[in-house]
Every structure is written in C-alpha cells, then in structure tokens.
A.B. asks: 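Quick one: this structure, given as structure tokens, is what I'll be asking you about.
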Amino acid sequence: MGELGAFLKIERVGVPYRDPSERAKDFEEFTIRRPDDELSAQGARCMECGVPFCHNGCPLGNLIPDWNDLVYRNRWHDAIIQLHATNNFPEFTGRLCPAPCEAACVLEINEGDSVTIKQIENSIIDRAWEQGWVKPQPPSHETGRRVAVVGSGPAGMAAAQQLRRAGHAVTLYERDESAGGLCRFGVPDFKIEKRIVQRRVDQLSTEGVIVRCGVDVGVDISAEQLREDFDAVVLATGSRTPRDLPVPGRELEGVHFAMEYLADRNRWVATQTGTPTGVPPPPVAGLTAEGKHVVVIGGGDTGADCVGNSLRQGAASITQLELLPEPPVHRPDDRTPWPLWPQKFRLSYAMEEAKEADVGEQDFSVVTTHFDGDADGHVHTLHYAQADAKPPFKPVEGTEGEIRADLVLLAMGFLHPEQDLLDALGVEKDPRGNAKAVRPYTTSVDGVFAAGDARRGQSLIVWAINEGRQCARMVDRYLGELNADMPADGDADAGPAGPPQHVGPGVPA
C-alpha cells in the first residue's frame with residue numbers, strides 16, 4: 001500500500017482551514033481542499049501494515065488502505081468505487097466525522113503522525129461529484145414490497161438507499177421541512193453546506209425513494225396506518241430528547257436548548273443561500289446572540305457549533321463551560337492507549353475563532369448551580385461553582401462565582417429518541433429509553449426495525465450510516481422470507497458485514 005517507506009520521508013500535512021478571522025465573517029465551509037499532488041503524497045504515506053487497525057477504528061469498515069493507495073496512484077475513479085462500497089455518503093463523514101480511523105492508524109503510535117485519512121476521503125468524493133461519477137442507481141427489478149423509513153438523518157437515508165437499490169418501494173418520512181436530520185438542521189453550513197446534503201436527497205428521489213417532508217409520523221399518519229400500508233418499518237428518528245439542566249432559574253427567558261438555536265440559525269441561513277427546503281418551513285424564530293453575553297453549557301461538537309454561530313451573530317462575549325475536568329494535551333496511555341480514541345484536549349474550530357476575535361473563553365470542571373433573571377423574567381446571571389473531579393461532579397464548597405449571561409445554550413447531549421412513536425408502535429425499550437433490538441436491528445414488534453441513534457443512543461455519524469446499512473440488510477432478509485419465490489435483483493447486503501462493536505469517541509462498547 002502506498003509508496004514503500006514514504007511515511008519515513010513525507011511529513012503528515014493535515015486539513016488546512018481558512019483564516020479564523022476571515023471565516024468567522026461568513027457561513028461558507030472553513031476547510032480547504034489540497035491539490036491532487038499533495039493528496040497523492042499523503043496517500044503514499046499509508047504503510048503496508050500487517051494489521052490495518054484503521055479498519056477497526058472506522059465504524060463503517062471503510063477500505064482505507066485500498067483507496068489511500070488508489071489516490072497515491074492517481075486512480076481517483078477506482079477510489080470512489082472502493083469508498084462507496086462501504087459508505088453511502090462519504091462527503092458527510094469526510095466533513096463531520098472526528099476520524100477515529102486516524103486515531104487507530106499504526107502511524108499514530110507516534111502521536112500526531114497518522115495518515116490524513118479524512119481529508120483524502122473527502123477529496124475523493126468531492127472530485128467524484130465534480131467529474132460526474134456519482135450517479136443514481138435505481139433498481140432494475142421491483143420486489144413488490146413496501147418499506148417506510150421514519151427519520152431522514154444519515155441512518156434513515158442510508159437505510160432508504162440500500163433498500164431501494166434492492167428493489168423495494170421505499171417512502172422516507174421526515175417531520176421537518178427538509179430531509180437530512182442533524183446534518184441539515186443541527187450542523188452549521190460552515191461545517192457542511194446544505195447543498196451537499198440536498199444533492200444526496202435528490203439522488204434518493206431519482207433512484208425512486210419517495211421523500212415526504214413535513215409529515216410527523218404518529219401525528220399526521222398514525223402508527224396503525226403505517227403498519228397497514230407497509231410491509232416493514234424502519235425507525236431512524238435519532239436521539240432527539242435533549243438533556244436538561246434542572247436548576248433554579250431554568251425557566252427564565254433566554255435559556256434554550258442548543259438545537260432550538262442551531263435549527264433556527266440553519267433555517268435563517270437557508271433563506272440566504274436559497275437551498276431548497278421542500279415543504280414551507282416554519283418562520284424563523286429570530287434567536288440572536290448579537291451584542292449579548294453568551295454562555296454555552298457543554299463542551300462537545302454541539303456546543304462548539306453554538307459558539308461558532310454566536311460569534312458570527314456578533315456576540316459580545318462567549319463562554320463555554322464543561323462539567324468534566326480539562327483533558328491532557330497528549331494521549332493518556334494509561335487511560336486510552338493506542339489504538340483507542342484518545343481522550344485528550346482538542347481546541348475546537350469555533351473556540352479558535354472566538355479566541356482569535358478576543359471574545360471567547362473555555363472553562364472546565366464547572367457546574368451551574370442556578371440562574372438569576374431581571375424583572376422581565378429574562379436571564380442575566382449564571383451562578384456556578386467548581387465541580388468535583390469525580391461523578392456526580394458536585395459543587396465544591398467555597399468556589400462559587402457568577403458570570404453575565406444574556407443567552408444560555410444547553411448543549412449537554414441527548415438522552416434517547418422521543419418516546420411517543422415507540423409507544424404507539426408498542427416497541428420495547430432498553431433501560432435508556434432507546435428502541436430495544438431483540439435481534440440485530442429488529443425490535444420486539446414483527447416487521448418493525450430500528451437503526452442509528454434511535455437504537456444505539458447518541459453517537460457518531462459514521463455509526464449512523466453503518467446502522468442504516470446494516471438495518472437494511474435485516475429488513476431485506478425479512479422481506480426476502482415474504483418473497484421467497486421472487487427473483488433476486490439488487491442486494492441490500494452489498495458491502496462488508498460490518499465492524500466489530502469496538503469503542504469509538506465517547507461511545508461505550
């Protein structure tokens with residue numbers, strides 16, 4: 001794989017970002033694609049490992065050394081064939097995945113020296129779109145079976161595409177005005193422009209998937225009607241119930257869940273870019289950080305996206321608080337040795353921007369104790385204390401303080417899928433409130449399946465796509481038992497059987 005010994009001669013060159021002071025002024029993607037010759041050199045660094053641990057690090061089981069080598073040899077068309085063999089939407093993962101594959105790269109034994117897998121992946125798919133190599137793949141044969149996929153995030157889109165290509169009639173339901181899930185309404189345009197999402201939605205439609213937006217399953221169409229109209233149902237509704245902060249003052253105006261703010265900002269940006277939205281969107285609520293002192297509670301990607309949006313709106317100051325202690329700068333080998341995902345400090349793109357603008361601050365081991373508001377019932381002060389270093393992270397007496405807070409955004413993760421649809425279908429749940437799989441991706445209700453965050457809990461986009469693909473395998477087999485006498489056409493089993501259930505970034509085994 002690659003050039004023999006190239007990893008000894010060629011230095012790793014990571015993904016270049018636009019200047020933080022410039023990119024913070026717009027909503028365009030902040031990453032820059034490297035020239036092909038530089039990418040070829042980075043692909044050459046892929047060494048011929050006896051065991052390619054990147055395979056295990058990638059939840060999708062991507063054939064990483066194969067397409068690294070193909071890029072090195074300038075065989076881009078072959079590279080996209082290899083990439084699409086395991087990943088329906090590599091432009092999503094190439095932009096949004098934290099790249100556990102790179103953490104598992106054998107070269108990462110020397111920390112910071114891994115192959116730049118993520119940027120090579122993203123460049124392959126971007127070039128494929130430019131060259132017209134990405135084409136719809138409608139089935140040549142219809143099985144006569146109908147499948148409903150509820151939820152159009154990456155898991156639902158992947159399941160719908162695999163099932164349609166196998167010849168089943170697929171209807172993809174989305175309660176929002178546009179398909180894409182959190183890729184559309186959670187992640188900002190400066191990380192993934194919505195035209196990138198829309199072209200995949202258009203591909204699904206061209207392949208024959210019926211995409212119905214603005215339909216709230218369980219409300220606009222009953223669970224009973226869904227079961228009656230379809231031979232199988234896939235629940236890919238995501239983990240949409242946010243974790244709340246039950247402290248005094250939570251009810252004050254100006255305290256919002258992160259997704260309220262992010263979805264509103266994404267809808268506003270859509271009005272500026274003209275990206276198609278399908279059915280008429282709800283009115284923009286107009287949540288704004290302009291001129292305000294913003295506090296973001298939660299140190300993950302969702303919190304970073306709140307910081308990035310607040311900065312672009314002109315916040316007076318932005319403080320990001322994290323309950324957990326600050327992680328070490330380098331991989332802690334005693335806790336997360338290679339090839340595990342290293343629990344180390346990473347400065348987010350958004351906090352880099354905020355610090356460059358001299359309006360950002362990030363603090364760790366901080367627990368919010370209560371909020372105070374003004375006479376109009378609007379939040380103006382956040383009271384905090386230093387958190388104990390171990391669960392349950394109680395406030396340390398004598399460390400109390402307060403900060404100005406005109407807008408508070410709660411970005412503390414998600415608990416489980418919304419429960420109403422699960423209850424209406426009679427689906428058994430696990431102790432965390434997720435759809436329980438009594439067999440792989442198969443719920444307690446015959447003909448009802450679950451995939452993505454709705455089944456495994458809040459997780460990564462690579463897990464979502466993997467779950468959608470593997471769930472489609474199980475649905476196809478189930479429908480195949482109903483259609484035992486019909487000839488086979490497409491194959492929802494296409495691709496590898498899937499990766500082992502290893503530990504990923506922040507995801508328990």
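Worth knowing before you read on, the calculation uses all heavy atoms, side chains too, and leaves out hydrogens, waters and symmetry mates.
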A.B. asks: Could you tell me whether the side chains of E326 and Q362 share a donor-acceptor contact shorter than 3.5 Å?
C.D. replies: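 Not at all, the side chains of E326 and Q362 share no donor-acceptor pair under 3.5 Å.
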
A.B. asks: Are side-chain heavy atoms of K429 and H416 found at a separation under 4.5 Å?
C.D. replies: no

A.B. asks: Just checking, any donor-acceptor pair under 3.5 angstrom between side chains of R200 and Q203?
C.D. replies: yes

A.B. asks: State whether the side chain of R95 and the backbone N or O of E91 hold a donor-acceptor pair below 3.5 Å, judged by distance alone.
C.D. replies: yes

A.B. asks: To the nearest 0.5 Å, what is the distance between CZ on R184 and CZ on R267?
C.D. replies: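 Nearest 0.5 Å value for the CZ-CZ distance: 10.5 Å.
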
A.B. asks: W463 versus D453: any side-chain heavy-atom pair under 4.5 Å?
C.D. replies: no

A.B. asks: Kindly check if the number of other-residue, nucleotide or ligand heavy atoms within 6.0 Å of CZ (R312) is above 12?
C.D. replies: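 Counting neighbours around CZ of R312, more than 12 heavy atoms of other residues, nucleotides or ligands fall under 6.0 Å, so yes.
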
A.B. asks: Does a donor on one side chain and an acceptor on the other come within less than 3.5 Å for E121 and T93?
C.D. replies: yes

A.B. asks: Are any of the side-chain heavy atoms of W268 and V284 separated by less than 4.5 Å?
C.D. replies: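 Side-chain contact under 4.5 Å: yes.
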
A.B. asks: Taking CG in D358 as the centre, count heavy atoms belonging to other residues, nucleotides or ligands within less than 6.0 Å. Is the count above 12?
C.D. replies: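 Not more than 12 within 6.0 Å, no.
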
A.B. asks: Do the side chains of V197 and F89 get nearer than 4.5 Å, heavy atoms only?
C.D. replies: no

A.B. asks: Judged by atom type as modelled, is there a donor-acceptor pair below 3.5 Å linking the side chain of D176 to the main-chain atoms of S178?
C.D. replies: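 Looks like no, no N/O pair under 3.5 Å.
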
A.B. asks: Kindly say whether E102 contributes a backbone atom to a donor-acceptor pair with the side chain of K118 at under 3.5 angstrom?
C.D. replies: no

A.B. asks: Is the positively charged end of R250 above the ring of F257, judged by distance under 6.0 angstrom from the centroid and angle within 45° of the axis?
C.D. replies: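 Cation-pi check for R250 and F257: passes.
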
A.B. asks: Quick check for you: to the nearest 0.5 Å, what is the distance between L421 atom CG and L226 atom CG?
C.D. replies: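 Here the rounded value is 7.5 Å.
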
A.B. asks: Sequence neighbours excluded, which residues qualify as side-chain hydrogen bond (donor to acceptor under 3.5 Å, both in side chains) partners of D406?
C.D. replies: R404

A.B. asks: For the residue pair S152 / E174, report whether a side-chain donor-acceptor contact shorter than 3.5 Å exists.
C.D. replies: yes

A.B. asks: Check whether Q419 reaches the backbone of P417 with its side chain - one donor and one acceptor, N or O, closer than 3.5 Å.
C.D. replies: yes

A.B. asks: Quick one: OG1 on T381 to CG on L252, what's the gap to the nearest 0.5 Å?
C.D. replies: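 Output value for this atom pair is 10.0 Å.
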
A.B. asks: Do R240's NZ or CZ and the ring of F414 fall within the cation-pi criteria of under 6.0 Å and 45°?
C.D. replies: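 Cation-pi check for R240 and F414: fails.
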
A.B. asks: Flag the pair M157 / N88 as yes when at least one side-chain heavy-atom distance between them is below 4.5 Å, and no otherwise.
C.D. replies: no

A.B. asks: With heavy-atom distances below 4.5 Å as the criterion, would you say the side chains of T116 and V13 are in contact?
C.D. replies: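 T116 does not reach V13 side chain to side chain.
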
A.B. asks: Could you work out, with side-chain hydrogen bond (donor to acceptor under 3.5 Å, both in side chains) as the rule, every residue matching R127, not counting sequence neighbours?
C.D. replies: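 Counting only residues at least two positions away or on another chain, R127 forms a side-chain hydrogen bond (donor to acceptor under 3.5 Å, both in side chains) with D36.
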
A.B. asks: Do you see a donor-acceptor pair shorter than 3.5 Å between the side chains of S317 and H293?
C.D. replies: yes

A.B. asks: Are the side chain of E322 and the backbone of L324 linked by a donor-acceptor contact shorter than 3.5 Å?
C.D. replies: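 Yes.
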
A.B. asks: Parallel, tilted or perpendicular, judged at 30° and 60°: which one describes the rings of F345 and F364?
C.D. replies: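 F345 vs F364 ring planes: perpendicular.
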
A.B. asks: Would you compute the distance between atom CZ of F230 and atom OH of Y173 and round it to the nearest 0.5 angstrom?
C.D. replies: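 Taking CZ in F230 and OH in Y173, the distance rounds to 3.5 Å.
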
A.B. asks: Say whether, by atom type as modelled, one donor and one acceptor occur between the side chain of R164 and the main chain of V170 under 3.5 angstrom.
C.D. replies: no

A.B. asks: Would you tell me whether R195 and Q198 have side-chain atoms, one donor and one acceptor, within less than 3.5 Å of each other?
C.D. replies: no

A.B. asks: Assess whether a salt bridge exists between E207 and R165, defined as any Lys/Arg side-chain N lying under 4.0 Å from an Asp/Glu carboxylate O.
C.D. replies: yes

A.B. asks: How far does CG of L311 sit from NZ of K25, to the nearest 0.5 angstrom?
C.D. replies: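 One gets 11.0 Å once the value is rounded to the nearest 0.5 Å.
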
A.B. asks: Against I297, only a single residue in L382, L323, V255 fulfils side-chain contact (heavy atoms from CB on, under 4.5 Å); can you say which?
C.D. replies: L382

A.B. asks: Restricting to side chain to side chain contact (heavy atoms under 4.5 Å, CB included), what partner residues turn up for P20, sequence neighbours left out?
C.D. replies: R23, E352, E353, E356

A.B. asks: If you draw a 6.0 Å radius around CD in E290, do more than 12 non-hydrogen atoms from other residues or ligands fall strictly inside?
C.D. replies: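 Check fails, neighbour count at 12 or below.
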
A.B. asks: Under the side chain to side chain contact (heavy atoms under 4.5 Å, CB included) rule, collect the residues that match up with Q313, sequence neighbours excluded.
C.D. replies: Y261, R265, T288, A289

A.B. asks: Does the side chain of D376 reach to within under 4.5 Å of the side chain of E253, using non-hydrogen atoms?
C.D. replies: no

A.B. asks: Kindly compute the distance separating CG (L321) from CD (E361), expressed to the nearest 0.5 Å.
C.D. replies: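 These two atoms lie 8.5 Å from each other.
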
A.B. asks: Residues in side-chain hydrogen bond (donor to acceptor under 3.5 Å, both in side chains) with D220, at least two apart?
C.D. replies: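 Here no residue qualifies.
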
A.B. asks: Does some side-chain heavy atom of V295 sit less than 4.5 Å from a side-chain heavy atom of T368?
C.D. replies: no

A.B. asks: Considering residues at least two apart in sequence or located in another chain, which fulfil the salt bridge (charged side-chain N to carboxylate O under 4.0 Å, His left out) criterion with D189?
C.D. replies: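 Listed in chain order: K194.
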
A.B. asks: I'd like to know whether the aromatic ring centres of F449 and Y441 sit less than 6.0 Å apart in this structure.
C.D. replies: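 For F449 and Y441, the ring centres are not under 6.0 Å apart.
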
A.B. asks: Hydrogens and angles aside, do Y349 and D305 bring a side-chain donor and acceptor to less than 3.5 Å of each other?
C.D. replies: yes

